[in-house]
Amino acid sequence: MLLTDMGYAEEEAVMVKIEAERLPELNIPRHSNLALFCKNGELTIFGGHTTGFVMTPTAEYYSDGKWHQIPMTYNHDYGLCVRLSSGKLLLGGGGTQNLGIGQSFETEVYNPDTHTFSNYGCLDRKRFHSTGIELDSGRVVIAGNWYTKDGIEIYDTLTNTFSFVKEVAQPRSHSYIFRTAKDNVMILSSISDRGDTITVPIVDRLKGEPFTVPLFETWIPLYAHNDINSEDSFIGDASESDYAYLMPLMNSEGQVAIAQVRDTVFTLLPTVCPIPTKSAWGPINWLGSILVDRQAHRGYLIGTNADCRQFILAIDYAAEPANLTVYYTDPMPDAGCYQPVISPDGDLYIVGGINATHSNFNPLPSVLCYRLGRPASEAPSQGAVHLILWIVLALAIVTTICLILFFRRRHKKAHSIESEAPEANVLLMQQITQLMEKKRPYLNSDLKMLDIASQLGVRQSELSACINTFKGCSFAQFVNSYRVAYAQQLMREQSDMKMSQVGQESGFANDTTFYRVFKTITGLTPSEWLASMK
């Protein structure tokens with residue numbers, strides 16, 4: 001395939017219509033909040049401002065199908081949020097007054113295991129629209145500011161102290177901080193500390209002199225409406241000292257492209273076609289930074305247009321050239337578009353925020369989920385919706401055939417084992433099955449092996465060995481097979497039930513576990529399975 005000077009072949013991007021799954025709304029409508037998935041799997045948001053552009057010192061985490069609100073010490077409206085290797089989160093800076101006014105010194109550390117805040121500290125400089133990233137040493141590099149002095153500082157996680165390192169060659173906000181080594185980073189942006197466009201970006205380094213990038217003579221980083229967490233764009237392998245990222249660019253003509261950043265080298269990522277900036281419904285406004293699903297080798301860029309449609313550019317960056325797919329929605333005026341976050345399973349969530357027509361005075365409480373977590377090889381090759389349904393149906397048929405063959409073999413094997421197994425073990429397996437089918441203990445998300453063993457009057461080791469002998473799986477896999485079967489029954493009988501409710505009523509502790517286990521057992525996500533049944 002021949003590539004043009006722009007780095008892509010003369011084709012058009014695949015367009016696929018998609019529908020968002022709506023999760024329960026936030027307790028407080030909010031924008032400019034910090035949002036991410038914690039190590040415990042909980043989607044969590046911090047601070048921001050609510051209706052009237054009023055700051056809110058609260059956080060919310062999603063668990064058991066609902067949002068739980070907890071108080072924070074500070075607001076962190078337009079603040080920074082850094083993932084720490086300990087699993088905790090460093091929160092800092094932001095506005096000091098309503099309406100996005102002022103800059104603050106305030107910091108605190110969030111522990112997702114206990115849902116508490118501690119380790120209160122003070123930045124070396126008051127900051128707004130700043131960014132941070134943790135080094136292998138555990139130290140956190142922080143840079144960027146808004147309407148006050150910029151500079152680079154370090155947070156020491158051991159002493160909970162902040163110290164100034166050096167001034168920057170180019171003051172900036174909405175900064176990208178990319179690691180270039182275990183103990184070094186580079187810092188860049190196309191937005192100055194006053195909100196102006198930087199036409200010739202300069203790259204600062206923690207260690208080393210500033211430098212310019214030849215690529216920035218024609219392309220500059222796309223303006224990031226949301227504050228950036230550069231680790232979300234990481235595509236390298238730190239264990240192999242490979243520090244690589246994806247970053248969106250724009251030229252003076254409004255064309256958008258993708259840069260692959262490796263160490264201190266910036267190159268255009270070749271793509272099969274140009275990234276569309278127009279649609280049948282008008283121009284597309286691409287927003288923010290790229291969120292990467294490293295397992296699927298896929299990156300996502302969010303966009304919107306004047307009638308509040310949402311666009312998701314999927315970049316299969318491992319292909320040469322990279323494949324592009326543009327997902328689009330119907331108009332959704334009640335949904336935000338500035339607060340995207342990616343789940344461990346590769347699904348895309350948009351939490352609160354504002355839409356294309358709303359202002360900072362009217363944030364939204366909506367939470368959307370796009371079930372995109374799947375390998376890039378499964379991405380549709382055509383844009384027609386009917387083709388997607390045919391693919392899903394074909395996958396369902398193949399999966400069903402495989403499951404039938406698998407269970408037939410296992411059934412034969414079970415008969416063989418049963419004939420050789422002691423009579424007591426056969427009786428125990430019958431009791432286990434009868435208990436599961438009649439009393440449905442698997443609907444309790446807190447079910448433990450000890451609970452079943454106690455009801456049957458046997459040791460846990462006997463129970464585990466019996467299930468492994470007759471079913472060829474662990475206790476957890478055995479219980480989850482019943483939960484998935486129950487979830488399928490619910491979806492068949494109540495197809496309009498929300499997926500989060502299906503998972504909860506089937507005994508899964510949270511949505512993430514539900515989707516992961518369901519796909520592991522059936523080969524399809526719940527939504528794909530339901531579509532195949534229709």
Side-chain angles (χ1 to χ4, degrees), residues 6-8 12-18 20 35-36 174 176 178 189-191 219-235 244-251 254-261 266-279 281-294 296-305 308-319 321-329 332 335-343 346-351 353 355-356 368-374 376 379 383:
M6 296 285 285
Y8 51 75
E12 292 185 359
V14 174
M15 301 287 289
V16 178
K17 189 174 182 181
I18 190 173
L36 47 72
H174 300 81
Y176 287 92
F178 294 140
S189 177
S190 63
I191 307 299
W219 299 86
I220 61 173
L222 185 68
Y223 173 60
H225 294 263
N226 57 306
D227 286 306
I228 298 166
N229 190 321
S230 299
E231 283 299 90
D232 290 336
S233 304
F234 184 68
I235 62 171
Y245 298 83
L246 295 181
M247 180 177 66
L249 305 173
M250 178 177 284
N251 63 15
Q255 179 61 51
V256 176
I258 307 298
Q260 182 171 269
V261 184
F266 293 71
T267 57
L268 283 181
L269 179 73
T271 56
V272 297
C273 61
I275 295 172
T277 55
K278 296 181 180 179
S279 70
W281 310 279
I284 302 174
N285 182 25
W286 295 110
L287 313 166
S289 54
I290 294 175
L291 304 177
V292 168
D293 176 3
R294 284 186 285 277
H297 302 291
R298 227 180 190 204
Y300 298 104
L301 183 64
I302 308 300
T304 187
N305 71 349
C308 299
R309 293 177 190 269
Q310 294 194 342
F311 297 85
I312 303 171
L313 175 68
I315 309 149
D316 296 319
Y317 58 84
N323 295 317
L324 300 180
T325 304
V326 177
Y327 298 94
Y328 66 93
T329 70
M332 295 192 297
C337 56
Y338 290 90
Q339 308 293 143
V341 60
I342 195 164
S343 76
D347 295 322
L348 197 65
Y349 291 74
I350 298 180
V351 184
N355 64 23
L368 308 180
C369 175
Y370 294 100
R371 301 295 179 185
L372 300 173
R374 56 181 176 170

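Quick caveat, the model's predicted, so the values are computed rather than measured. Along the sequence shown, residues are numbered consecutively beginning with 1.
- No side-chain N or O of Tyr317 forms a donor-acceptor pair with one of Gln260 less than 3.5 Å apart.
- Atom OG of Ser289 is separated from atom NE2 of His174 by 10.5 Å, given to the nearest 0.5 angstrom.
- The shortest distance between side-chain heavy atoms of Met250 and Pro248 does not fall below 4.5 Å.
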| request: Evaluate ring pair (Phe, Tyr, Trp, His ring centres under 6.0 Å) for Trp281 paired with Tyr328, printing each intermediate quantity in order. | output: CA-CA 11 Å; Trp281 310 279; Tyr328 66 93; 5.0 Å; yes
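- In this structure, OG1 on Thr304 lies 7.0 Å from CG on Asn355, to the nearest 0.5 angstrom.
- Residues Leu313 and Leu324 have side chains in contact (heavy-atom distance under 4.5 Å, counting atoms from C-beta outward).
- Contact check for Tyr370 versus Ile350: side-chain heavy atoms found under the 4.5 Å cut-off.
- Residues Ile302 and Ile312 have side chains in contact (heavy-atom distance under 4.5 Å, counting atoms from C-beta outward).
- Under the 3.5 Å distance criterion, the side-chain polar atoms of Thr277 are left unmatched by any main-chain donor or acceptor of Gln255.
- The side-chain heavy atoms of Leu249 and Ile220, taken from C-beta on, include no pair separated by under 4.5 Å.
- Counting only heavy atoms from C-beta outward, the side chains of Thr329 and Leu368 never approach each other to under 4.5 Å.
- Here the CG atom belonging to Leu372 is positioned 4.5 Å from the OH atom belonging to Tyr300, to the nearest 0.5 angstrom.
- Closest non-hydrogen pair, Ala257 versus Ile275, comes out as CA-CD1, 3.8 Å.
- The two residues Gly303 and Ile284 have their closest heavy-atom pair at CA-CG2, 4.5 Å.
- To the nearest 0.5 angstrom, Asp316 atom CG is 10.0 Å from Asp293 atom CG.
- Between atom CG of residue Leu287 and atom OH of residue Tyr338 there is a gap of 5.5 Å, rounded to the nearest 0.5 Å.
- If you take CG on Asn323 and SG on Cys273, they are separated by 8.5 Å, rounding to the nearest 0.5 Å.
- Formation of a donor-acceptor pair under 3.5 Å by the Thr325 side chain with backbone atoms of Ala314 is not found in this model.
- Although no hydrogens or angles enter the test, the distance criterion places a donor-acceptor pair under 3.5 Å between the side chain of Trp286 and the main chain of Pro276.
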